[in-house]
Amino acid sequence: NAGVTQTPKFQVLKTGQSMTLQCAQDMNHEYMSWYRQDPGMGLRLIHYSVGAGITDQGEVPNGYNVSRSTTEDFPLRLLSAAPSQTSVYFCASSPGQSEAFFGQGTRLTVV
Amino acid sequence: AQSVTQLDSHVSVSEGTPVLLRCNYSSSYSPSLFWYVQHPNKGLQLLLKYTSAATLVKGINGFEAEFKKSETSFHLTKPSAHMSDAAEYFCVVRRGGYQKVTFGIGTKLQVIP
């Protein structure tokens, strides 16, 4: 099992560019989520999904879109990148109301 | 509302000595509590979890944590630190739904040889 796979691992964007962070899991988990990690702030929930076709906003959703067309994939889209979105992004999946399994992270820099 | 407070942003111990990482939480309801570890440039890995069963929870790599409702604490301990324990540790509280998750700001553990 690969677990939770995130791509790319590193990315540099210019302000105003858009991009998609990919997340895939092969554990058939219902729940998937995206977090951002910033120094001194722990992890904050951006968006989450409780199943294919169902998504909802977390604590810090502005500037990000998600969709969940399959159980396996949960991409995160940055519509117009801003320097404030410089962060490390983690995707996680969970088999219901249980602990989360995390990907290795995507380190994003917006210049 | 719920919150989690990790009382130390950095902890430094000598190899072979005990580890104590402190976590206090607040929650209106009985929460689920977790400790995760993050090694440099890696994702988060679950160490242990409390979900209203035994109050003393044993995790991987010799770590354990005790849920103390009266003190609203869930401190992480290990009897003897190893160099490989150097990492950042996150205390997490979840109340009810999957989305109601709050992470602490993390404690960086340094192990001195």
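In what follows, every chain begins at residue 1, and chains take the letters A, B, ... in the order their sequences are listed.
With a 4.5 Å cut-off on non-hydrogen atoms, L46(B) touches chain A through its side chain but not through its backbone. Residue R107(A) touches chain B through its side chain alone, counting heavy-atom pairs closer than 4.5 Å. Heavy atoms closer than 4.5 Å to chain A are found in the side chain of K49(B), but not in its backbone. There is no contact between Q6(A) and chain B, counting heavy-atom distances below 4.5 Å.
Checking each of N24(B), L48(B), L21(B) against F74(B) for a side chain to side chain contact (heavy atoms under 4.5 Å, CB included) leaves exactly one that passes, namely L48(B).
Taken from CG in L78(A) to CG in L108(A), the straight-line distance is 6.0 Å, to the nearest 0.5 Å.
Comparing S32(B), G106(B), G43(B) by how many heavy-atom pairs each has under 4.5 Å with chain A, the most go to G43(B). The candidate from Q6(B), Q45(B), Q38(B) with the greatest count of non-hydrogen atom pairs under 4.5 Å with chain A is Q38(B).
Minimum heavy-atom separation, T55(B) to Y50(B): CA-CE1, 4.2 Å.
Using the six-membered ring where Trp is involved, F102(A) and Y35(A) have ring planes that are tilted, between 30° and 60° apart.
Remark: aromatic rings of H29(A) and F101(A) are close, center separation under 6.0 Å.
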